[in-house]
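In what follows, a structure is listed as structure tokens, so that the remarks can point back to it.
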Amino acid sequence: MPSPSINAVAVITGASSGIGAVYADRLAKRGYDLILVARRIERLRNLKEVLSARYQINVQVIEADLTVENDLAQVEHVLRSDERIAVLVNNAGNGKLSGTVAMSDADTASTIALNIVAPTRLARAVLPAFIGRNAGSIINVSSVMAFHALPVTTLYSATKSYLLMFSRGLQTELAETDIRVQAVLPAGTATEFYEHSGVPLSAFDPSVVMTTENLVDAALAGFDAGEKVTLPSVHDTAFWTAYDEAEEALFGATQTGIPAPRYSHTISAE
């Protein structure tokens, strides 16, 4: 990601801690002014003070719970009205780890609202301006659980799969433009996510948990390299290439109006 023109702004959701806070630091270091969005306003104010002093940039903070309609609409308005915005990092997310029936209605609604509805609406809010000037970047923080579902990650995995597919769809829509969309898929990362998920970070082997700093630095290196999908913990990119090619081949194989021979015994003759 090149250094921005003067006064270019990066908007980061879920910026009060973890991955979002590190994105704020790294983008500030690159010269971006910041708009930081999160529920915990005191943390945002503290981060504003630190980053403003460290990098001599302007920082605006917005207290917002993106599962609440009025708060989400407030951030949408900022994205539509501030022409300096050059980067949107859709980082806010949650994932109460629970079986589908055991999960509360509130946790179910919150996960869908934050992991699906919010990033979709925020991308839609910022894209018209990006398209108008043929410039801008959206970074969607998904998860490796987009590829895999466990008994306690059914909804979380489904929402992160949506965010990956949404990102890839946007990439095809914007293929003839200079607008960038990157999907970042972290594996286990040392954030407060686990405190709220129901499964403590201490339950995991420390050797498979990445620091937030390493995660974001790898993600931005992937962005700089032009990656559309970045898997910071995957060392052999041949796995992604094979997955991507198999997905394309599978879709191609569906494009026939004739039932597969294995179903022929169930089809009545006309």
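Below, all heavy atoms of this structure are taken into account, side chains as well, without hydrogens, waters or symmetry copies.
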Original post:
Would you call V234 and W240 a side-chain contact if the rule is heavy atoms closer than 4.5 Å?
Top reply: no

Subject >> Neighbour count >12 (heavy atoms, 6.0 Å) for atom CZ, R124 >> reply: no

Original post:
Do S17 and R40 have side-chain heavy atoms sitting under 4.5 Å apart?
Top reply: yes

Original post:
So, the side chain of S167 versus the backbone of L163: is there a donor-acceptor pair under 3.5 Å, distance only?
Top reply: yes

Subject >> Check: N91 side chain, V141 main-chain N or O, donor-acceptor pair, under 3.5 Å >> reply: no

Original post:
Checking R180 side chain against F223 main chain: does a donor-acceptor pair fall under 3.5 Å?
Top reply: yes

**OP:** With side-chain contact (heavy atoms from CB on, under 4.5 Å) as the test, would you mind laying out the steps for H77 and Q74 before giving the verdict?
**Re:** CA-CA 5 Å; H77 174 73; Q74 176 190 7; 5.8 Å; no

Original post:
What distance separates L51 CG from N46 CG, expressed to the nearest 0.5 Å?
Top reply: 11.0 Å

Subject >> Distance in Å, I12 CD1 paired with N90 CG, rounded so as to fall on 0.5 Å steps >> reply: 11.0 Å

**OP:** Return the minimal non-hydrogen interatomic distance between A38 and L44, and the atom names on each side.
**Re:** N-CD1, 3.5 Å

Subject >> Considering all heavy atoms, the nearest P232-L185 contact >> reply: CD-O, 3.5 Å

Original post:
Can V68 be reached from L66 by stepping across I, L, V, M, F, W or Y side chains whose heavy atoms are under 4.5 Å apart?
Top reply: no

Original post:
Where the side chain of D33 meets the backbone of A8, is there a donor-acceptor pair that is under 3.5 Å apart?
Top reply: no

**OP:** Give a yes or no on whether D236 atom CG has more than 12 heavy-atom contacts from other residues, nucleotides or ligands under 6.0 Å away.
**Re:** yes

Taking only distance into account, with no hydrogens and no angle test, what donor-acceptor pairs under 3.5 Å do side-chain atoms of residues 110-121 form with protein atoms, sequence neighbours excluded?
{"unit_1": "S110", "atom_1": "OG", "unit_2": "N94", "atom_2": "ND2", "d": "2.8"}
{"unit_1": "T111", "atom_1": "OG1", "unit_2": "N94", "atom_2": "OD1", "d": "3.3"}
{"unit_1": "T111", "atom_1": "OG1", "unit_2": "D107", "atom_2": "O", "d": "2.9"}
{"unit_1": "N115", "atom_1": "OD1", "unit_2": "N94", "atom_2": "N", "d": "3.0"}
{"unit_1": "N115", "atom_1": "ND2", "unit_2": "N94", "atom_2": "O", "d": "2.7"}
{"unit_1": "N115", "atom_1": "ND2", "unit_2": "T159", "atom_2": "OG1", "d": "3.1"}
{"unit_1": "T120", "atom_1": "OG1", "unit_2": "I116", "atom_2": "O", "d": "2.7"}
{"unit_1": "T120", "atom_1": "OG1", "unit_2": "Y162", "atom_2": "OH", "d": "2.7"}
{"unit_1": "R121", "atom_1": "NE", "unit_2": "E76", "atom_2": "OE2", "d": "3.0"}
{"unit_1": "R121", "atom_1": "NH1", "unit_2": "E69", "atom_2": "OE1", "d": "2.9"}
{"unit_1": "R121", "atom_1": "NH2", "unit_2": "E69", "atom_2": "OE2", "d": "3.0"}
{"unit_1": "R121", "atom_1": "NH2", "unit_2": "E76", "atom_2": "OE1", "d": "2.7"}

Subject >> Heavy-atom donor-acceptor pair, Q60 side chain to I35 backbone, under 3.5 Å >> reply: no

Original post:
In Å and rounded to the nearest 0.5 Å, what is the OG1 to CZ distance from T13 to R39?
Top reply: 12.0 Å

Original post:
Going by heavy atoms in the side chains, are D82 and V11 under 4.5 Å from each other?
Top reply: no

Subject >> Criterion salt bridge (Lys or Arg N to Asp or Glu O under 4.0 Å) on R54 and D25, from CA distance to verdict >> reply: CA-CA 9 Å; R54 181 180 296 165; D25 178 85; 2.7 Å; yes

**OP:** Please assess L170 against I179 for the test side-chain contact (heavy atoms from CB on, under 4.5 Å), listing each intermediate value before the final yes or no.
**Re:** CA-CA 10 Å; L170 287 178; I179 301 164; over 6 Å; no

**OP:** Any chance you could lay out the side-chain contact (heavy atoms from CB on, under 4.5 Å) test for I85 and V126, step after step, and finish with the verdict?
**Re:** CA-CA 8 Å; I85 293 171; V126 81; 4.0 Å; yes

Original post:
Which pair of heavy atoms, one from A64 and one from V37, lies closest together, and at what distance?
Top reply: CB-CG1, 3.9 Å

**OP:** Report the distance from atom CG of L215 to atom OH of Y23, rounding to the nearest 0.5 Å.
**Re:** 7.0 Å

Original post:
Would you say the side-chain atoms of S233 pair up with the backbone N or O of L231, donor to acceptor, closer than 3.5 Å?
Top reply: no

Original post:
Is E83 atom CD crowded by more than 12 heavy atoms from other residues, nucleotides or ligands, each under 6.0 Å away?
Top reply: no

**OP:** Compare all side-chain heavy atoms of Q171 with those of R168 and state whether any distance is below 4.5 angstrom.
**Re:** yes

Original post:
What is the minimum heavy-atom distance between D65 and T67, and which atoms define it?
Top reply: OD1-OG1, 2.7 Å

Original post:
Nearest heavy-atom pair of A10 and L27: which atoms, and what distance?
Top reply: CB-CD1, 3.7 Å

Subject >> Sequence neighbours excluded - ring pair (Phe, Tyr, Trp, His ring centres under 6.0 Å) pairs with any residue from residues 120-149 >> reply: F147-Y243

**OP:** Run the numbers on L34 and L47 for side-chain contact (heavy atoms from CB on, under 4.5 Å), then give the verdict.
**Re:** CA-CA 11 Å; L34 301 175; L47 186 58; over 6 Å; no

Original post:
For S137 and Q182, does a side-chain donor sit closer than 3.5 Å to a side-chain acceptor?
Top reply: no

Original post:
Considering residues at least two apart in sequence or located in another chain, which fulfil the salt bridge (charged side-chain N to carboxylate O under 4.0 Å, His left out) criterion with R26?
Top reply: D217

Subject >> Backbone of V184 reached by a side-chain donor or acceptor of S142 within 3.5 Å >> reply: no

Original post:
After noting the C-alpha distance and the side-chain angles of K228 and D244, does the key distance pass the salt bridge (Lys or Arg N to Asp or Glu O under 4.0 Å) rule?
Top reply: CA-CA 12 Å; K228 294 181 177 180; D244 198 28; over 6 Å; no

**OP:** Kindly indicate whether the side chain of T212, heavy atoms from C-beta on, has any atom under 4.5 Å from the side chain of T189.
**Re:** yes

Subject >> Pairwise distance CD(E63) to CG(D71) - rounded to 0.5 angstrom >> reply: 7.5 Å

Original post:
When rounded to the nearest 0.5 angstrom, what is the spacing between CD in E173 and CD1 in I131?
Top reply: 7.5 Å

**OP:** Work out which heavy atom in S52 is nearest to a heavy atom in V59; give both atom names and the distance.
**Re:** OG-CG2, 3.5 Å

